[in-house]
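Quick caveat, the model's predicted, so the values are computed rather than measured.
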Amino acid sequence: MDNLQTAQKALSSLQTLLSEVSENLRSGQQQLSSDLQSLQKDLSVAKETVQSVAQQVSILESLQQTTEKIERSVNELMKVLLGRRSGQAGEQIVSKLLSAIPLSQLTQSDIALPEVEEQLTFEAPDQTLEA
């Protein structure tokens with residue numbers, strides 16, 4: 001009978017240990033599940049942020065291209081207006097157009113037009129995109 005009681009105590013002790021292990025596993029599983037849900041939320045926020053930044057970069061690239069086109073158009077218009085045939089009227093128009101542009105964005109041009117002493121060109125500020 002002693003062997004039977006010893007076996008019963010051993011089985012009872014094993015049952016207690018298994019119960020504790022089972023509880024620890026459930027607790028660990030719940031913690032892991034909670035951590036994974038938190039990580040999923042963080043990744044969702046990060047994804048939205050990356051998408052927003054990508055949209056902003058796309059907008060900035062489009063604005064940069066538009067600015068470059070405007071810069072070329074303004075320079076071409078100035079060439080026409082400051083050319084030989086336009087005279088003082090062309091110079092006055094260019095002067096009024098350029099008055100809206102800060103002086104820091106105007107530079108002397110190396111383009112020589114006949115009968116014009118000083119040439120100006122419009123240069124957009126350098127706007128390097130950083131990701």
Side-chain angles (χ1 to χ4, degrees):
M1 264 293 189
D2 282 336
N3 286 341
L4 189 56
Q5 287 178 343
T6 304
Q8 188 177 12
K9 285 181 183 180
L11 285 174
S12 177
S13 179
L14 182 61
Q15 183 179 12
T16 302
L17 286 174
L18 286 174
S19 182
E20 289 174 4
V21 167
S22 177
E23 182 60 35
N24 286 339
L25 285 174
R26 268 189 239 117
S27 175
Q29 184 181 14
Q30 289 172 348
Q31 182 63 40
L32 181 60
S33 178
S34 174
D35 290 348
L36 287 174
Q37 287 175 351
S38 177
L39 182 59
Q40 185 177 18
K41 289 177 186 176
D42 291 346
L43 287 174
S44 177
V45 168
K47 180 181 177 182
E48 289 174 11
T49 302
V50 167
Q51 288 173 339
S52 176
V53 168
Q55 287 176 335
Q56 291 173 2
V57 166
S58 176
I59 290 168
L60 287 174
E61 287 172 343
S62 177
L63 286 173
Q64 184 177 12
Q65 291 172 355
T66 302
T67 301
E68 290 170 357
K69 288 178 184 178
I70 290 170
E71 181 181 344
R72 285 191 299 271
S73 296
V74 167
N75 287 332
E76 289 175 17
L77 181 60
M78 284 176 32
K79 285 180 192 177
V80 170
L81 293 175
L82 292 176
R84 184 183 306 172
R85 295 182 182 170
S86 69
Q88 284 186 340
E91 289 177 11
Q92 288 176 356
I93 291 171
V94 169
S95 176
K96 286 185 181 186
L97 286 173
L98 294 179
S99 69
I101 300 171
L103 290 176
S104 63
Q105 294 179 6
L106 293 175
T107 61
Q108 274 195 323
S109 172
D110 55 1
I111 302 169
L113 295 176
E115 300 176 19
V116 178
E117 293 177 18
E118 188 173 329
Q119 301 296 317
L120 295 175
T121 58
F122 169 72
E123 292 185 4
D126 183 23
Q127 297 175 352
T128 307
L129 296 179
E130 295 181 14

S73: partners by side chain to side chain contact (heavy atoms under 4.5 Å, CB included), with sequence neighbours left out = none

Separation between CG (L17) and OG (S22), nearest 0.5 Å, reads 12.5 Å

So OG1 of T49 and CG of L43: to nearest 0.5 Å the spacing works out to 11.0 Å

Spacing of L63 atom CG and I59 atom CD1 [to the nearest 0.5 Å] | 7.5 Å

Remaining members of L36's ILVMFWY cluster at a side-chain heavy-atom cut-off under 4.5 Å?
-> L32

Can you run down the side chain to side chain donor-acceptor pair (under 3.5 Å) pairs that involve residues 32-46, sequence neighbours left out, and say none if there aren't any?
-> Q31-D35

Can you list the other members of the hydrophobic cluster that holds V45, where links are side-chain heavy atoms under 4.5 angstrom apart?
-> none

Pairs involving residues 16-29, ordered by first then second residue, that meet salt bridge (charged side-chain N to carboxylate O under 4.0 Å, His left out) (sequence neighbours left out) = E23-R26

Is there a donor-acceptor pair closer than 3.5 Å between any side-chain N or O of T66 and the backbone N or O of S62?
-> yes

What is the distance from atom CD1 of I70 to atom CG of N75, rounded to the nearest 0.5 Å?
-> 12.0 Å

Hydrophobic cluster mates of L25, side-chain heavy atoms under 4.5 angstrom, ILVMFWY only, any path?
-> V21

